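Chain letters run A, B, ... following the sequence lines, proteins first, then strands; residues in each count from 1. Keep in mind the model is a prediction, meaning the values are calculated, not measured.
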Protein chains: 2
Amino acid sequence: MSLKHSLLVLLADRPATGYELSQKYKEAIGFFWKASHQQIYKQLKDLADQGWVTFEEELQAGKPDKKKYQITSKGLAGLRAWLSSEIKPSKTNDALLVMLYGGKHVDDAVLLREVKRHQLLHQKNLQKLEAIESLYLSLDSTQKNSYRLPYLTLKRGLSSERAWLEWSDEVVEVLMAGSL
Amino acid sequence: MSLKHSLLVLLADRPATGYELSQKYKEAIGFFWKASHQQIYKQLKDLADQGWVTFEEELQAGKPDKKKYQITSKGLAGLRAWLSSEIKPSKTNDALLVMLYGGKHVDDAVLLREVKRHQLLHQKNLQKLEAIESLYLSLDSTQKNSYRLPYLTLKRGLSSERAWLEWSDEVVEVLMAGSL
DNA sequence: TTGTCCATGTAAGTGGTTACATGATTCA
DNA sequence: TGAATCATGTAACCACTTACATGGACAA
């Protein structure tokens with residue numbers, strides 16, 4: 001149930017609308033926490049009902065009104081409590097590995113095609129992360145220091161994508177040998 | 001919805017009871033696909049309703065009756081179709097990274113304690129995987145060849161745990177510097 | 001003129017977790 | 001004597017996905 005807490009983390013930085021928050025889940029925090037806009041809007045409503053956030057409505061003509069959410073002291077206390085609690089290890093459910101594990105029921109060429117498709121996705125993702133890293137590295141040391149914790153999460157992304165790609169090269173080798 | 005397909009993969013190997021299957025999710029396939037026994041029993045029922053598996057009941061006194069499930073030709077066809085389809089990349093939801101990302105709201109020492117706790121879990125997991133690998137490596141080449149695809153999934157586990165641990169060493173360094 | 005961005009949601013359905021239930025056997 | 005293993009589930013709840021809805025602005 002950390003969608004809640006990831007929203008609080010973002011709101012602790014600055015007030016934002018649901019839309020702005022949902023954008024953050026397409027980069028930054030989205031590299032390790034995925035959420036759809038439907039989920040986000042619902043969770044914000046629940047947080048407001050709990051009194052962990054409040055919002056002000058900005059009226060707009062022709063469009064739905066904007067709701068600018070901000071964290072309350074109760075919300076910040078809740079966030080701090082969670083940050084000091086035991087985090088349960090994230091569970092892995094990796095369908096591509098299920099496919100490989102049961103792969104003997106289809107041709108290696110079929111598996112190979114799918115692994116290569118995923119390789120492209122991971123390569124793209126790695127490039128995005130590398131672009132963000134070079135931005136970070138160009139900051140002065142005061143700014144670098146203020147982003148040192150988010151930078152650790154970026155490093156996690158870089159490390160895990162690189163490890164995935166190295167592994168997949170090996171997989172491709174094995175599958176190519178099999179489909180001769 | 002790959003719990004279904006992971007069950008079919010296991011049943012394609014040999015018939016099994018729900019209990020036996022749920023054991024497999026504590027090792028082997030469980031390293032990349034987690035499922036509780038409640039989920040498994042329910043899914044097996046659904047698969048039987050669909051005609052993808054059948055079962056024979058073994059009556060037992062004092063205990064619930066055993067149901068030995070086996071895959072049908074319809075089930076095998078369904079499995080093959082899935083193995084040839086596009087697998088959607090697994091989504092990552094990593095609460096520990098959310099914690100680090102928002103870590104400036106608590107002391108570094110608190111973060112450090114939690115990261116170290118997770119390190120132990122990952123180390124244990126790596127050891128388990130290494131033990132399985134040494135078993136695999138002691139097989140003769142015919143057997144090695146028949147397990148070559150499952151071995152690739154094992155390698156994924158090894159690679160990802162090692163990458164995680166390397167990253168976490170860096171995290172510990174940064175957090176120790178911060179909590180001086 | 002098609003598509004993407006802005007901006008918010010509802011509703012139905014699926015998948016997963018947590019709590020609870022039963023009861024014999026075996027091991028420390 | 002208490003915990004773990006065997007063996008199967010139900011029920012309530014929570015999280016997440018997919019489909020649908022609205023409608024103006026602006027760019028290719």
Side-chain angles (χ1 to χ4, degrees), chain A residues 1-8 15-27 29-30 32-50 53 55-69 82 86-95 98, chain B residues 1-8 15-27 29-30 32-50 53 55-69 82 86-95 98:
Chain A
M1 229 252 296
S2 301
L3 169 54
K4 188 169 157 175
H5 302 107
S6 62
L7 285 167
L8 290 172
T17 65
Y19 186 80
E20 284 161 0
L21 290 166
S22 77
Q23 296 311 100
K24 289 270 183 174
Y25 287 82
K26 290 181 183 157
E27 17 126 312
I29 207 159
F32 49 89
W33 197 275
K34 308 287 179 197
S36 66
H37 76 272
Q38 292 93 331
Q39 256 183 295
I40 291 164
Y41 285 120
K42 184 168 184 315
Q43 191 60 244
L44 285 170
K45 205 185 153 209
D46 294 348
L47 282 169
D49 289 345
Q50 274 191 281
V53 302
F55 60 88
E56 281 169 39
E57 283 184 288
E58 282 174 41
L59 301 172
Q60 300 198 128
K63 288 185 196 178
D65 298 335
K66 272 191 199 178
K67 289 183 190 166
K68 197 105 190 173
Y69 286 90
W82 179 78
E86 295 201 346
I87 308 291
K88 129 160 62 145
S90 63
K91 67 168 216 178
T92 48
N93 282 114
D94 190 328
V98 174
Chain B
M1 232 254 295
S2 301
L3 168 55
K4 188 169 158 173
H5 301 106
S6 61
L7 285 167
L8 291 171
T17 66
Y19 185 80
E20 285 161 1
L21 290 166
S22 77
Q23 296 310 100
K24 289 269 185 177
Y25 287 83
K26 290 179 183 161
E27 18 125 308
I29 209 162
F32 49 89
W33 197 275
K34 306 287 179 198
S36 65
H37 76 272
Q38 292 92 334
Q39 257 184 294
I40 291 164
Y41 286 119
K42 185 169 183 313
Q43 193 60 245
L44 285 170
K45 204 185 154 208
D46 294 349
L47 282 169
D49 290 345
Q50 273 191 282
V53 302
F55 60 88
E56 282 169 37
E57 281 185 289
E58 284 174 40
L59 301 172
Q60 303 199 128
K63 288 185 194 176
D65 299 335
K66 273 191 199 180
K67 291 183 191 167
K68 196 103 187 174
Y69 286 90
W82 179 77
E86 294 201 346
I87 307 290
K88 129 157 64 138
S90 63
K91 68 167 216 181
T92 48
N93 282 116
D94 190 327
V98 173

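The nearest whole Å value for the distance from the CG atom in B:Asp46 to the C1' atom in C:dG16 is 13 Å. In this structure, A:Glu56 atom CD and C:dT8 atom P are separated by 14 Å, rounded to whole Å. In this entry the distance linking NZ of B:Lys45 with P of C:dG16 reads 17 Å, nearest Å. One interatomic measurement links the two molecules: NZ of B:Lys66 to C1' of D:dT5, which rounds to 12 Å at whole-angstrom precision. In this structure, CG of A:Leu3 is placed 6 Å from P of D:dC16, rounded to the nearest angstrom. For B:Leu21 and D:dA7, the CG to C1' distance is 13 Å, given to the nearest whole Å. Counting to the nearest Å, the C1' atom of D:dT8 and the CD atom of B:Glu20 are 13 Å from each other. In this structure, B:Ile40 places its CD1 atom 15 Å from C1' of D:dC6, rounding to the nearest Å.
Contact annotation: A:Lys88 reaches the phosphate of C:dT18 (side-chain N/O to OP1 or OP2, under 4.0 Å). Between A:Tyr41 and the phosphate of C:dT8, there is a side-chain N or O to OP1/OP2 separation shorter than 4.0 Å. Here A:Lys42 does not reach the OP1 or OP2 of D:dC16: none of its side-chain N or O atoms lies under 4.0 Å away. Contact annotation: B:Gln39 reaches the phosphate of C:dG16 (side-chain N/O to OP1 or OP2, under 4.0 Å).
Counting any heavy atom pair closer than 4.0 Å across all strands shown, A:Thr17 reaches sugar-phosphate atoms only and no base atom. At the heavy-atom level, A:Lys4 lies nowhere under 4.0 Å from the strands shown. Looking at heavy-atom distances under 4.0 Å, B:Lys34 makes no contact with the nucleic acid at all.
Heavy atoms from other residues, nucleotides or ligands lying under 6.0 Å from NZ of A:Lys24 number 12 at most. No more than 12 heavy-atom neighbours from other residues, nucleotides or ligands sit within 6.0 angstrom of CD on A:Glu56. No more than 12 heavy-atom neighbours from other residues, nucleotides or ligands sit within 6.0 angstrom of NZ on A:Lys45.
The side chain of B:Tyr19 sits closest to D:dT5 out of D:dT17, D:dT5, C:dT17. Of the candidates D:dC16, C:dT8, D:dG9, the closest approach to any side-chain atom of A:Trp33 belongs to D:dC16. Comparing C:dG16, C:dG9, D:dC6 against the side chain of B:Gln23 picks out D:dC6 as the nearest. Comparing C:dT17, D:dT8, C:dT8 by their closest approach to the side chain of B:His37 singles out D:dT8. Closest to the A:Gln38 side chain, of the nucleotides D:dC16, D:dG9, D:dT18, is D:dT18.
Figure legend: B:Lys68 and B:Phe55 shown without cation-pi pairing, the cationic atom not lying both under 6.0 angstrom from the six-membered ring centre and within 45 degrees of its axis.
Counting heavy atoms from C-beta on, the side chains of B:Gln39 and B:Leu3 come closer than 4.5 Å.
Nearest-nucleotide positions on DNA chain D for B:Lys68 and B:Asn93 put B:Lys68 closer to the 5' end.
Counted by atom type alone, A:Ser6 and A:Tyr25 present one or more donor-acceptor pairs between their side chains at under 3.5 Å.
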